[in-house]
J.: 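A single structure is presented below for examination.
Within every chain, numbering begins at 1; the chains are lettered A, B, ... in the order of the sequence lines, protein sequences first and strands thereafter.
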Amino acid sequence: MMATTALVWFRRDLRVHDHPPLRAALDAFERVVPVFVLDPRLLEGRFESEYRAAFLLDCLKDLRKALQERGGNLVVVRGTPEQELPRLAREHGATATYFASDVSPFAMGRDQRVEAALTEAGVEPRRTPGNFIADIGKVKPYSVFSPFWRAWRELPRRDVLGAPRTVTVPSNLAVGTIPAPGKRGDQHGGEAAGRRQMLAFDPATYDDARVNMALQTSRLSAYLHFGCVSARELETRSSGKFARQLAWRDFYAHVLLKHPRNTRHAHQAEMDAIEWEGEDEHFHAWCEGRTGYPAVDAGMRQLAQTGWMHNRARLITASFLVKDLHIDWRRGEQHFMRYLIDGDVAQNNGNWQWISSVGVDPAPLYRRFYNPTLQLQRHDPDGDYVARWAPDSQTITPIVDHAVERKRTMEAYGRARGT
DNA sequence: TGGCTATTTCA
DNA sequence: GAAATAGCC
């Protein structure tokens, strides 16, 4: 009699430690087929990103190695999951497919189509948690962080699972090749690298790094995005402000799950009426880091050159684009998605809407003005950050005057609100 | 997870 | 006259 077999569909949970779908499949079936579907829509789509694609390919290579060390392997196929997964299931006689649920509209739509195709083929789809700390779909919709946080803290937590000792796969696996990565940012992908980063990180250093742009924060965001590090496992090693930041990650995933239209529209619907009067020339100057504001230029060049930007610089550059250059937050969001290795629709969109004063967790407009000059004094006191990334910025004539543009923004937002 | 400006405080 | 503070947007 043929051994029982299940597919384990990896998406952005590219690890073997604390992996609920893998563990559930191994517990219930004699053999598993770990698979990643390289979907051309992801690599060549609207959010095409060279750095992020390279990081992903690093992750796949490392995951294959980890599975091989346990007697298994990773099947990498090209195509759409709704076609490839039923085909693989038929090929190996698999009767179930396990995967960790996700929140973006793209992922939700894709997973629905995959579930329909699997069911049609007589394969049972089984969703598990895995990408977030708590079950963010279980609570009522929140649009303010603090009450969400209180409820979220009380939610049950799943146990942190160890990596399986052995992974038994069919003997005739056609595993496919992993393309060679193109241009990388300043981080290598993979669970091994992610776990090293996590184990070396001391949350006590986070508060200082957060307020000084010349320092680095945890540098775990990309590993969290691709699931090289489990957010749930990281929670058990966290404390203080860092632990609270992890809650923001669950919050923004929760918000997008409950409000999928936020990827295209302001959460505060009336804020879609803002007339963005900014100039294309200014947008390009912002992208390339030649605005004449050193804090902005340093951040934008760090992003373009490394695929990462310090959190404080993200606030400053984003505020500048929207509140000083009067350019639609969605254009900034898209630019960040193109370069950030940690680019994550839920996080990026949530943060752009926050800084633009159009999203959840509303704060008065005046609380979201960042003066790039003052911010620089405060958050790069020794000038190290600018010296490293944009030493020539001081010689560029500022393309706009912050004080003047601030007033224009107040007026534009006022008109949108009808006040 | 701001900042501007007027005002007060204190060396 | 610099530095802290209050009130406001």
J.: Quickly work out the A:Asp207 CG to B:dT1 P distance and round it to whole Å.
T.: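 One finds 13 Å between P of B:dT1 and CG of A:Asp207, rounded.
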J.: Report the residues that fulfil side-chain contact (heavy atoms from CB on, under 4.5 Å) with A:Ser218, sequence neighbours left out, ordered by chain and then residue number.
T.: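 So A:Ser218 forms a side-chain contact (heavy atoms from CB on, under 4.5 Å) with A:Phe201, A:Leu220, A:Phe242.
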J.: Given atom CZ of A:Arg244 and atom C1' of B:dT1, what is their separation to the nearest angstrom?
T.: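 Those two atoms, CZ and C1', are 10 Å apart.
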J.: Which whole-number value in Å describes the distance from A:Asn351 CG to B:dT1 C1'?
T.: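 So the CG-C1' distance, A:Asn351 to B:dT1, works out to 11 Å.
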J.: Only pairs at least two apart or in different chains count here, so list each side-chain hydrogen bond (donor to acceptor under 3.5 Å, both in side chains) that has a residue in residues 347-369 of chain A.
T.: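 Sorted result for residues 347-369 of chain A: A:Lys323-A:Ser357, A:Glu333-A:Asn349, A:Asn348-A:Trp352, A:Asn349-A:Gln353.
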J.: For the pair made of CG in A:Asn311 and C1' in B:dT1, what is the distance, rounded to whole Å?
T.: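 Nearest whole value for this atom pair: 8 Å.
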J.: How long is the line joining OH of A:Tyr413 and P of B:dG2, in whole Å?
T.: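 It is 17 Å, rounded to the nearest whole Å.
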J.: Please classify the nucleic acid contact of A:Arg210 as base, sugar-phosphate, or nothing, using heavy-atom distances under 4.0 Å.
T.: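 Base: the residue A:Arg210, judged by heavy atoms under 4.0 Å, touches a nucleobase.
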J.: Please list, pair by pair, any protein nitrogen or oxygen found under 3.5 Å from a nitrogen or oxygen in nucleotides 3-6 of chain B.
T.:
residue	atom	partner	partner atom	Å
B:dG3	OP1	A:Asn371	N	2.7
B:dG3	OP1	A:Gln375	NE2	3.2
B:dG3	OP2	A:Gln375	NE2	3.3
B:dG3	OP2	A:Arg378	NH1	2.7
B:dG3	OP2	A:Arg378	NH2	3.1
B:dC4	OP1	A:Asn371	ND2	2.6

J.: Residues two or more places apart in sequence or in another chain: which of them pass side-chain contact (heavy atoms from CB on, under 4.5 Å) with A:His402?
T.: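 For A:His402, the residues satisfying side-chain contact (heavy atoms from CB on, under 4.5 Å) (neighbours in sequence not counted) are A:Tyr293, A:Asp324, A:Asn371, A:Pro372, A:Arg406.
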J.: State, with a plain yes or no, whether a side-chain heavy atom of A:Val160 is found less than 4.5 Å away from one of A:Arg232.
T.: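 They are in side-chain contact.
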J.: Report the residues that fulfil side chain to side chain donor-acceptor pair (under 3.5 Å) with A:Asp208, sequence neighbours left out, ordered by chain and then residue number.
T.: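 Counting only residues at least two positions away or on another chain, A:Asp208 forms no side chain to side chain donor-acceptor pair (under 3.5 Å).
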J.: I need the CZ-P distance between A:Arg368 and B:dG2, as an integer number of Å.
T.: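 Going from CZ in A:Arg368 over to P in B:dG2 covers 8 Å.
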J.: Measure NZ/A:Lys323 against C1'/C:dC9 and give the value in whole Å, please.
T.: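 That distance rounds to 13 Å.
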J.: Sequence neighbours excluded, which residues qualify as side chain to side chain donor-acceptor pair (under 3.5 Å) partners of A:Asp111?
T.: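 A:Asp111 satisfies side chain to side chain donor-acceptor pair (under 3.5 Å) with A:Arg11 only.
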